[in-house]
Structures are given as structure tokens and as C-alpha cells.
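Encoded as C-alpha cells, the structure appears first; notes follow it.
Quick note: numbers below take in every heavy atom, side chains included, and nothing from hydrogens, waters or symmetry partners. First listed ligand is number 1; within each ligand, the first listed atom is number 1.
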Amino acid sequence: MRVVRSIEQLREALEYMRQGGHAPIGFVPTMGYLHEGHASLLRRAGEMSNTVVMSIFVNPLQFGPNEDYDSYPRDEERDLELAEREGVDIVFIPSVEEMYPQPTRTTVSVSELTTRLCGASRPGHFNGVTTVVNKLFNIVQPHYAFFGLKDAQQVAVLRRMVSDLNMNVEIVPCPIVREGDGLALSSRNVFLSPEERSQALVLSRSLREARQSIEEGKARTVAEVRELLTSVISSSPLAVIDYAEILTFPNLEGLENEVLLTDVDGEIIIALAVKFGRTRLIDNNVFIPKEVAAVV
Ligand code: PAF
């Protein structure tokens, strides 16, 4: 496994791989502090590609002024061990100066899809994501890029960017990885106190119960599902709901309260963002209500 820190070195290493016939190139962009969720992306990349490139870069552009950029967890040594174990060929770890040597005057932004959910609570966040992912795609020029569905809005936004801009890369969404008790893996879980960690299980529980109620025909409208979500989450005294939303997926269009979920064509997303103390967690479930709902 090679570790490279400059764009020039990375381009040279990738040229060597391409010349040697080691395509397709699979790319897993990360912000480090890797966990089993990242490992699952790396394994999928290994199955689909001959060269696996992973980047570790905590991108300042996607953090708001009062967010956790400075305290975002970092552990390069552990990350490199995991990458080596998962068979990564090249790890790219640029500095902020390497990625942004001059003030950024060119950004990439996707409209509409970024105005809701995390886009509403974190203004500018997705412009930071689409800009850095664009830069990374230009640098790596991968055939495939792998992203976890825990950040389902990120997947939807990046897919739209790739499609709107005719970018020559396939976005491969990968399933959410959970702890045995249901908590979705996230680098930010490390910030939870034991009490917050145990109360945070309401996220996955509320998603399970919402889906089950839809399956059993007990919750049929958008308002009923939203009510169920908020009542389950509010049963945890430490939970502060940022949003609990039901939207179409992947276009992330809003649905009126009285809409019957079985009338929605295609997939929906039930998406949550909930704060426990200073830690904001997200989770979601994407499915086709028409396929799962009981016929009543
Ligand atoms: O999902 C992440 O870790 C980040 O948003 C990404 C895609 C690496 C861009 O900084």
C-alpha cells in the first residue's frame, strides 16, 4: 500500500497503475477515523476494481463556522492499519494547503436537493461536499466511487452532480452498517457519552417502527408516519430533533401531510437528524412503500 500526500505524486502513481493495466480504479473518499462502515465500502471497491484508492481529508469547506471541524476525530495511524487490512492500494492524505492552495473562487453546487434535510440545517455544507468531491474526482479520475447510504442525501446530491455534469464516474451507493443494537456507524459516535449512546438507539428504533407500521397498514399517511417518528424519538429525554422527514428519493421532494404513502410512485426516504448533547446523528431508511405496505 502506498501513502501519498501530494496531488502530483498521486497522479504519477495512478498513471503507473493505468499503464500497467490495473484499471478499473475504485475510489473511496473519506474524512478518516475509519470504522466498519468505511471497511464495507473498501471491500465493495475491492470487488469491483483492480486498483483501490482511498482519500483521507477532513474538508474544511463542508463545515459551518460553529461546527466540529477542529474537533472532528482524527487517527491516521489506525486508519492506515485498517486500509492495509482491507487491501487498499493507494491512500491519498493531502493537507488543506495541498487541496486549497489559494482562496477558492470556483465551487460546485447542486440546487433543490440541497435545500432540505441536512442542507437546511447546515447551510453551505453540500456546496463544500460537491466542490471537494469534484476536485477529488478530477485528481483521481476513478471509474467507480463508493459512498455509504447513511449519508443518503449526500449520495442523491452526488449522483445528481455526476449526471448533470456528465462526469465519467459511477457512484456506487453501499448499505448502512449498524452496530449489533442498531446504531448506525459514524465517526461521530465516539463523542457520545454512555447515556447518550444508549438513548441514541431511538433513531434506528423509530425507523424500524415507522417502516413496520407502514408494512402493517397502521401508519398510512405522511403525517401519521411523522407523528410516530417524533413520538418514539421524544421518548428519549436527551434527544433534540433537528428533522424527522419523509421525502421522495432520490429527488428529495416534499410530500403533503395527507398523502397516502401507497400513492407515492417509487422510493421514499425516512430521514432523521437528532442531537444528543453536542453530537448530531443522522440515520435513514429508503424503500418503496407500494412494495412493502399491506394491501387494506
Ligand atoms: O462522507 C464523507 O466522509 C465526506 O462528506 C466526503 C464524501 C469524504 C467529502 O469530504
I need the atoms of ligand 1 closer than 4.0 Å to a non-hydrogen atom of F147, numbered in the order shown. 7 (C)

Backbone of R78 reached by a side-chain donor or acceptor of D75 within 3.5 Å: yes

Ligand 1 atoms nearer than 4.0 angstrom to some heavy atom of V132 are 9 (C), 10 (O)

Name the orientation class of the two ring planes belonging to Y100 and F57 (parallel below 30°, tilted from 30 to 60°, perpendicular beyond 60°). tilted

Among all protein non-hydrogen atoms, which one is nearest to atom 3 (O) of ligand 1, and what is the separation to 0.1 Å? M31 CG, 3.6 Å

For residues N285 and R208, is any side-chain donor paired with an opposing acceptor at under 3.5 Å? no

Does the Lys NZ or Arg CZ of R278 fall within the cation-pi geometry relative to F191 - under 6.0 Å from the ring centre and within 45° of the axis? no

Which heavy atom of the protein is the closest neighbour of atom 2 (C) of ligand 1, given with residue, atom name and distance? Q154 NE2, 3.9 Å

Kindly say whether G46 contributes a backbone atom to a donor-acceptor pair with the side chain of S49 at under 3.5 angstrom? no

Protein residue, atom and distance nearest to atom 9 (C) of ligand 1, heavy-atom basis: Q62 OE1, 3.3 Å

